[in-house]
Amino acid sequence: MTAPDAQRRAEELRRQIEHHNYCYYVLNEPQVPDAEYDRLMRALENLEREHPELITPDSPTQRVGGMAAGGFAEVRHATPMLSLANAFEESEVKDFDQRVRNLLETDTVVYTAEPKLDGLAVSLTYIDGSLTQAATRGDGERGENVTANVRTIEAVPLRLNPGDWPDLLEVRGEVYMPRSGFGAWNRSARERGEKPLVNPRNGAAGSLRQLDPKITASRPLMFNAYATPTDGLDSDNQYDTLQLLKQWGLPVNAEIRRVSGVDGCLAYFADMAARRDSLDYDIDGVVYKVDDFARQRILGFVSRAPRWALAHKFPAEEEITRLLEIDVQVGRTGALTPVARLEPVFVGGVTVTNATLHNEDEIRRKDIRAGDEVIVRRAGDVIPEVVRAMHERRTRELPPFQMPANCPVCGSAVERLDGETVARCTGGLYCPAQRKQSIRHFASRKAMDIEGLGDKLVDQLVEVGLVHTVADLYRLDHAQLAGLERMGGKSADNLIEALQKSKHPPLERLLYALGIREVGEVTARSLAAHFKSLDALMAASEEALTDVTDVGPVVAGHVANFFRQEKNREVIDELTAAGVEWQPPEERGGEQPLAGETWVLTGSLSVPRAQAKSVLQALGAKVSGSVSAKTSVVLAGEAAGSKLAKAQKLGVRIMDEDQFAELAARHGIRLD
DNA sequence: TATCCTCGAGTTCA
DNA sequence: CTCGAGGATA
């Protein structure tokens with residue numbers, strides 16, 4: 001890059017960074033994902049490294065941490081607040097450990113491993129045990145005096161517990177907003193008609209930068225100490241120092257551990273990554289520090305970062321990518337779902353290429369168009385979503401999305417009923433997409449449970465014309481199957497065997513498998529229990545159907561309509577002719593100690609969820625998916641999330657797995 | 001009629 | 001898991 005180009009590029013980067021700082025800190029409305037901001041910053045740093053003559057005193061790189069909101073006095077840190085080297089890959093962690101071991105000339109190193117809280121770094125000064133000053137990190141050299149605000153945080157002791165602390169003690173740590181507090185604050189903000197906080201991190205930063213401490217006081221902030229630059233404490237390592245701080249009354253994170261060697265570090269990282277979602281605060285990675293202070297001193301510093309510490313970060317949860325086009329998928333009921341085809345992007349630990357856009361209204365509301373740059377988010381186990389389109393980056397007019405008037409698969413008319421958000425293909429089973437999906441549904445585990453009949457195979461069977469309706473499945477023979485792609489004689493045998501095994505389902509499963517609109521697992525069960533036979537159900541009037549719990553006029557209409565269709569009656573006859581014979585619903589015998597109770601399962605249990613569910617049902621309980629005031633008990637496994645939180649809030653009884661096993665055992669049921 | 005509680009349906013990636 | 005909408009209930 002020539003000098004004038006570099007100059008122009010640097011100015012452009014600075015302009016953008018300053019703009020984002022302004023949006024983030026002053027408007028509290030970040031415009032780009034953190035990862036994008038970091039990229040801009042790194043680009044500018046690299047540019048300035050190559051062309052040091054371009055560095056200006058007011059360049060954002062010279063005062064990391066953003067623009068002052070104004071009104072805070074400047075504080076010079078006695079010891080600079082350093083930044084940490086970052087690692088995203090396991091290999092970088094191994095390199096770090098290798099470097100440390102080489103410099104120390106030793107085999108294994110003990111590290112302190114800590115969660116890296118996503119908040120705002122501050123420095124607290126205690127003189128004679130009293131909090132006298134609190135400052136933000138600022139650029140590491142100079143920060144802002146936020147003493148009045150920090151004093152409102154209850155977790156920060158204004159006086160230290162009695163102890164042998166030095167006359168002058170400086171403590172460093174993170175101010176953050178717990179998720180529970182963030183959620184509660186936003187709920188009440190919405191009730192008051194105020195703008196909710198964007199995320200906990202932004203909430204913490206914004207709260208601390210309020211000019212009026214009363215506002216800060218109203219926000220749910222927490223503090224965790226993680227270091228002190230003060231010498232001469234009665235401790236020669238990081239871990240014990242934190243224990244000292246804790247004794248003196250400073251909150252220290254409960255997840256901090258001493259680990260041995262790089263393996264210990266990586267195991268800690270994996271553990272925290274797995275439990276990340278169940279913590280009450282956001283973390284963006286973990287930090288490893290060489291535990292022994294003497295060793296830290298040997299390692300020293302490179303430029304502004306210590307050589308004895310490393311921040312191992314999780315992959316970013318939000319990234320920018322391009323939306324290539326918007327496809328339309330056809331579901332089992334004919335529902336047309338727009339899907340975003342994305343330029344592959346690594347976000348939240350996986351490469352994402354597709355994301356659902358839900359429906360037409362959603363696309364309108366967010367004004368998402370093919371060709372846009374979009375922000376894609378994938379947090380934890382959650383399904384990727386398009387957060388928003390970056391309209392400000394549109395360089396040309398893009399055509400708005402329009403739901404097609406005809407089904408993209410079969411060409412039938414598309415209709416969208418008044419008041420409904422979904423558009424549907426009217427082709428019914430004439431539409432190959434709907435046919436495929438309904439056969440998949442029929443074969444699925446909760447329906448007829450036909451093992452070996454996967455998506456690919458269903459597609460083939462429908463495409464070559466071997467299967468038109470679910471009844472055709474039972475007429476397939478060995479020769480027909482073995483002739484298909486990727487299908488050997490053995491696989492064909494297995495499938496025919498699986499089909500045989502599926503011929504005697506309980507009535508409720510058969511009902512569910514038929515795929516009647518609005519009839520899912522639960523409704524199928526109610527219908528089976530009420531009518532006890534398929535004939536009785538088929539003969540029932542809409543009015544009679546309404547007598548079933550959870551069946552109102554709409555569902556009754558769908559059911560009656562389904563059985564009125566000649567096509568459907570034929571399929572049922574053909575199934576019967578092929579030897580499919582449903583079993584009458586079991587009469588529930590014995591004790592039903594949990595009758596009338598509604599249970600909710602959450603978290604991961606050591607037994608399959610389906611098993612826990614059937615045990616509960618055998619005991620007479622209803623098993624539901626969402627927690628409400630009417631829930632009797634929430635059975636919480638490992639890493640339970642929002643449902644557990646809700647149960648706690650509503651005061652619903654919570655049981656862990658051991659208690660549940662005990663309860664089951666009392667009624668003669670053993671869990672494996 | 002409004003509100004709460006559930007259920008159904010659709011969805012991603014390794 | 002989340003959204004939308006059906007059903008039950010006050």
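We name chains A, B, ... by the order of the sequence lines, and we start the count at 1 in each one. These numbers come from a predicted model, not from an experiment.
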> Side chain of A:D271, backbone of A:A267: donor and acceptor closer than 3.5 Å?
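It does not hold such a pair.
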> Who pairs with A:R332 by side chain to side chain contact (heavy atoms under 4.5 Å, CB included), at least two apart in sequence or on another chain?
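Counting only residues at least two positions away or on another chain, A:R332 forms a side chain to side chain contact (heavy atoms under 4.5 Å, CB included) with A:Q437, A:S438, A:H441.
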> Among the candidates B:dA9, B:dT12, C:dG6, find the nucleotide nearest to the side-chain atoms of A:V555.
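Closest nucleotide to the A:V555 side chain: C:dG6.
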> Looking only at side-chain N and O atoms, does A:Q329 come under 4.0 Å of OP1 or OP2 in B:dT11?
yes
> May I ask you to check whether A:F269 and A:F314 place their ring centres under 6.0 Å from each other?
yes
> Would you mind classifying the nucleic acid contact of A:V422 as base, sugar-phosphate or nothing, using non-hydrogen atoms under 4.0 angstrom?
nothing
> Please work out if A:S628 contacts a base, only the sugar-phosphate, or nothing of the nucleic acid, heavy-atom cut-off 4.0 Å.
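Sugar-phosphate, backbone atoms only, no base.
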> Without decimals, in angstroms, what is the distance between A:N359 CG and B:dG10 P?
13 Å
> Measure from CZ on A:R377 to P on C:dC1 and round the result to the nearest Å.
15 Å
> Do side-chain atoms of A:T351 reach the backbone of A:F346 as a donor and acceptor pair under 3.5 angstrom?
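Absent.
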> For A:R364, is there any backbone N or O sitting under 3.5 Å from a side-chain donor or acceptor partner on A:D367?
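Checking the backbone N and O of A:R364 against the side chain of A:D367, no donor-acceptor pair under 3.5 Å is found.
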> Donor-acceptor pair, A:D372 side chain versus A:V374 backbone, under 3.5 Å?
no
> Using heavy atoms to find the nearest nucleotide of DNA chain B for A:D550 and A:R341 separately, return the residue whose nucleotide is more 5′.
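Upstream on the strand: A:D550.
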> A:A629 side chain: which of B:dC7, B:dC5, B:dT12 is closest?
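Nearest nucleotide to the side chain: B:dC5.
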> Can you find a side chain N or O atom of A:T351 that sits less than 4.0 Å from OP1 or OP2 on B:dC13?
no
> Quick check on B:dC7: is either OP1 or OP2 less than 4.0 Å from any side-chain nitrogen or oxygen of A:K446?
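No, A:K446 has no side-chain N/O under 4.0 Å of OP1/OP2 on B:dC7.
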> Of the nucleotides B:dC13, C:dG4, C:dG6, which has the atom closest to the A:T353 side chain?
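Closest nucleotide to the A:T353 side chain: B:dC13.
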> Look at the side chain of A:N354 and decide which nucleotide, out of C:dG7, B:dC13, B:dT11, has an atom nearest to it.
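Nearest nucleotide to the side chain: B:dC13.
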> Measure CG/A:L357 against C1'/B:dG10 and give the value in whole Å, please.
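After rounding, the gap between these two atoms is 13 Å.
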> Could you give the CD-to-C1' distance, from A:E362 to C:dG4, as a whole number of Å?
12 Å
> Is A:T549 near enough to C:dG7 that one of its side-chain N or O atoms lies under 4.0 angstrom from OP1 or OP2?
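No, outside the criterion.
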> Roughly, in whole Å, what's the span from CZ in A:R332 to C1' in B:dG8?
8 Å
> In whole angstrom, give the distance that lies between atom NE2 of A:H358 and atom C1' of C:dT2.
7 Å
> Side chain of A:E521 only, heavy atoms from C-beta on: which candidate in B:dT12, B:dG8, B:dT6 is closest?
B:dG8
> Choose from B:dG10, C:dA5, B:dT12 the nucleotide whose nearest atom is closest to any side-chain atom of A:T337.
B:dG10
> Figure out the NZ/C1' separation between A:K622 and C:dA8, and round it to whole Å.
11 Å
> Counting heavy atoms from C-beta on, name the nucleotide in B:dC5, B:dC13, B:dC7 closest to the side chain of A:S624.
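Nearest nucleotide to the side chain: B:dC7.
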> From the list B:dT6, C:dG6, C:dG4, which nucleotide is the closest neighbour of the side chain of A:T421?
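Looking only at side-chain atoms, A:T421 lies closest to C:dG4.
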> Which one, B:dT6, C:dG7, B:dG8, comes nearest to the side chain of A:E518?
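That would be B:dG8.
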> Who are the side chain to side chain contact (heavy atoms under 4.5 Å, CB included) partners of A:D656, not counting sequence neighbours?
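Per chain and number, A:D656 pairs via side chain to side chain contact (heavy atoms under 4.5 Å, CB included) with A:D658, A:Q659.
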> Quick one: is A:T356 getting a side-chain N or O under 4.0 Å of the B:dT12 phosphate, OP1 or OP2?
no
> Ignoring backbone atoms, establish whether A:R517 has a side-chain N or O less than 4.0 Å from OP1 or OP2 of B:dG8.
no
> Which nucleotide in the list B:dG10, B:dC13, B:dT6 gets nearest to the side chain of A:T333?
B:dG10
> Rounded to the nearest Å, what distance is computed from the CZ atom of residue A:R378 to the P atom of nucleotide C:dT2?
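Value for this atom pair: 14 Å.
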